[in-house]
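Every value quoted in this text rests on a predicted model; they were computed, and no experiment measured them.
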Amino acid sequence: MSTAFQPYDLNGKRLANRIVMAPMTRSRAYGDGQCATDLMATYYAQRASAGLIVTEGVQPSVVGQGYPDTPGVHSAEQVAAWRKVTDAVHAEGGVIYLQLMHTGRVGHPSLMGLQPVGPSAVAAKGQVYTHEGPKDFVTPRELTEAEILETIADYASAARNAIEAGFDGVELHGANGYLIHQFLAPNSNQRTDAWGGSPQARIRFAVETAKAVAEAIGADKTGFRLSPGVPLQDIDESDPADREATYTALVDALAPLNLAYLHQMEVPGIRDLTVRLRKQWPATYILNPATAPRPTGPEELQLIEDGIADLIAYGSLFLANPDLPKRLAAGGPFNTPDPTTFYGGDHRGYTDYPTRG
């Protein structure tokens, strides 16, 4: 499995290996400005031995925030704060993309003083965590067509801000039940205009957003994350025929844009679709493979050798092992992630995981 530890060319950007740090929300951007902190710079720099780091989800606008203490990239103050992070990662020889995550209907007015928005006025079942504790999801305000275009422009503006902040590129979060995914899924997108209905119409927001960002910063600096069948945030893509039609159409539409990569979060039972999408995609394919209940481990590196993916993304194992590529090469041992410190808190469970030395 030595291929995983060899350098990789990502559209002209040299990656030290084929191991990706997956985007993981950590909710530590404390303060009114939702800015990256010095502690966050330390956290990402510790993990710069990854071939590619993809940051936690970052809101492209005020209304795009769905959780407490998540960072933004829509103000000058936020751009300046992120530069501390990118400088720290680059000083360690790392490559880092910022993930743009508009949470859409996921969120609460108490977080940002605004009503969450979505493709349709359909509330998600469940609750969201706020500073005041868990609260039921509210019914989002349906975006008008003019507001859809404004939202796409927000993504493009935020992408330009990310490049100004020193990031090597951005990843559009089209997965896990957030805004782009809400447009893709039939239960959250019940529109009857040109932005909803058929799979071809439901993919339109994703494709137009990718086009706008690619035009703003370059396709070679634009990645896209998708998660066919992932039921997070009350997304329902359980109809296999619709799911396949939607995602094959999406990949077909994104392929001509010459994006840097496609990044899939996989759920159990859809490996056939994963293989099909990978074959459709003409460029770099990153896979965060389905391994639950255990975390992705050394055995998943075989997927690179098998041609299922070009790079493998690691989530919780990278969270707990700053020097993960070295540990994977040695076959372990691995620190155990502490779920009680995943979201919020201080340096504990964040920057204090030991390295092998």
Would you compute the distance between atom CG of N17 and atom CG of L311 and round it to the nearest 0.5 angstrom? 8.0 Å
Cation-pi check, R47 onto F318 ring (under 6.0 Å, within 45° of axis): no
Is any side-chain N of the basic residue among R294 and E300 closer than 4.0 Å to the acidic one's carboxylate O? yes
Using 0.5 Å steps for rounding, measure from the OH atom of Y44 to the CH2 atom of W82. 5.0 Å
Under the side-chain hydrogen bond (donor to acceptor under 3.5 Å, both in side chains) criterion, do E266 and T274 qualify, and how do the steps go? CA-CA 8 Å; E266 188 182 47; T274 297; 2.8 Å; yes
Calculate, to the nearest 0.5 Å, the distance between atoms CE and OH belonging to M101 and Y155 respectively. 9.5 Å
Please round to the nearest 0.5 Å and tell me the distance separating atom CD1 of I148 and atom CZ of R204. 8.0 Å
Using only atom types and a distance under 3.5 Å, with no angle test, would you say the side chain of Q46 pairs donor to acceptor with the backbone of T351? yes
Residues K13, D168; criterion salt bridge (charged side-chain N to carboxylate O under 4.0 Å, His left out); working and verdict: CA-CA 8 Å; K13 178 67 68 172; D168 298 294; 3.2 Å; yes
Indicate yes or no for a side-chain donor-acceptor contact from R141 to the backbone of V117 under 3.5 Å, with no hydrogens or angles considered. no
Are side-chain heavy atoms of L98 and V73 found at a separation under 4.5 Å? yes
Do N288 and R225 pass the side-chain hydrogen bond (donor to acceptor under 3.5 Å, both in side chains) test, and can you show the C-alpha distance, the side-chain angles, and the key distance before you say yes or no? CA-CA 10 Å; N288 194 175; R225 196 177 206 216; 2.9 Å; yes
Check for a donor-acceptor pair, side chain of D306 on one end and backbone N or O of I308 on the other, with a separation under 3.5 Å. no
Give a yes-or-no answer on whether the side chains of T3 and R18 include a donor-acceptor pair shorter than 3.5 Å. no
What is the minimum heavy-atom distance between L179 and P119, and which atoms define it? CD1-CD, 4.0 Å
According to the interplanar angle, ranging from 0 to 90°, do the rings of F205 and F183 count as parallel (below 30°), tilted (30 to 60°) or perpendicular (above 60°)? parallel
Given salt bridge (charged side-chain N to carboxylate O under 4.0 Å, His left out), test K84 with D38 step by step and report yes or no. CA-CA 7 Å; K84 295 182 293 187; D38 291 342; 3.1 Å; yes
In terms of hydrophobic clusters joined by side-chain contacts under 4.5 Å, are I163 and I96 together? yes
Donor-acceptor pair, side chain of R28 and main chain of G344, under 3.5 angstrom: yes
Stepwise salt bridge (charged side-chain N to carboxylate O under 4.0 Å, His left out) test for E142 and R105: CA-CA 9 Å; E142 182 176 307; R105 69 178 184 170; over 6 Å; no
Output the distance between atom CG (D69) and atom OG1 (T37), rounded to the nearest 0.5 Å. 10.5 Å
Can you confirm whether R271 is buried at CZ, in the sense that more than 12 heavy atoms of other residues, nucleotides or ligands lie under 6.0 Å from that atom? yes
Taking the six-membered ring for Trp and the single ring otherwise, decide whether the centroids of Y97 and Y261 are under 6.0 Å apart. yes
With a 3.5 Å distance limit and no angle check, can you tell me whether R327 reaches the backbone of G332 through a side-chain donor-acceptor pair? no
Determine yes or no for a side-chain-to-main-chain donor-acceptor pair under 3.5 angstrom, with T103 supplying the side chain and G64 the backbone. yes
Passes side chain to side chain contact (heavy atoms under 4.5 Å, CB included), S61 versus H102? Steps please. CA-CA 8 Å; S61 60; H102 189 308; 3.8 Å; yes
Please tell me whether L52 and Y314 are part of a single hydrophobic cluster in this structure, the criterion being side-chain heavy atoms less than 4.5 Å apart. no
Applying the 4.5 Å side-chain criterion to the ILVMFWY set and letting contacts propagate, would I180 and Y178 be lumped into a single cluster? no
Using a 3.5 Å distance criterion without hydrogens, assess whether the side chain of D310 forms a donor-acceptor pair with backbone atoms of Y285. yes
Donor-acceptor contact present, side-chain E305 to main-chain Q302, <3.5 Å: no
Between atom CD1 of I53 and atom CD1 of I19, what is the distance when rounded to the nearest 0.5 Å? 12.5 Å
Check step by step if side-chain hydrogen bond (donor to acceptor under 3.5 Å, both in side chains) holds for T248 and Q280. CA-CA 8 Å; T248 54; Q280 277 183 260; 5.0 Å; no
With a cut-off of 6.0 Å (strictly less than), are more than 12 heavy atoms of other residues, nucleotides or ligands near NZ of K135? yes
Can any side-chain N or O of D236 pair as donor or acceptor with the backbone N or O of S238 at less than 3.5 Å? yes
When hydrophobic residues are tied together by side-chain contacts of less than 4.5 Å, even through go-betweens, does V95 share a cluster with V58? no
Does the side chain of R26 come under 3.5 Å of the side chain of Y343 through a donor N or O and an acceptor N or O? no
Where do H263 and E171 land on the side-chain hydrogen bond (donor to acceptor under 3.5 Å, both in side chains) test, with the steps shown first? CA-CA 9 Å; H263 180 184; E171 176 179 285; 2.9 Å; yes
Verify the neighbour count for atom CZ of F334: are there more than 12 heavy atoms of other residues, nucleotides or ligands below 6.0 Å? yes
F342 with V54, same ILVMFWY side-chain cluster at under 4.5 Å: no
Would you find a donor on one side and an acceptor on the other, under 3.5 Å apart, between the side chain of Q65 and the backbone of V62? no
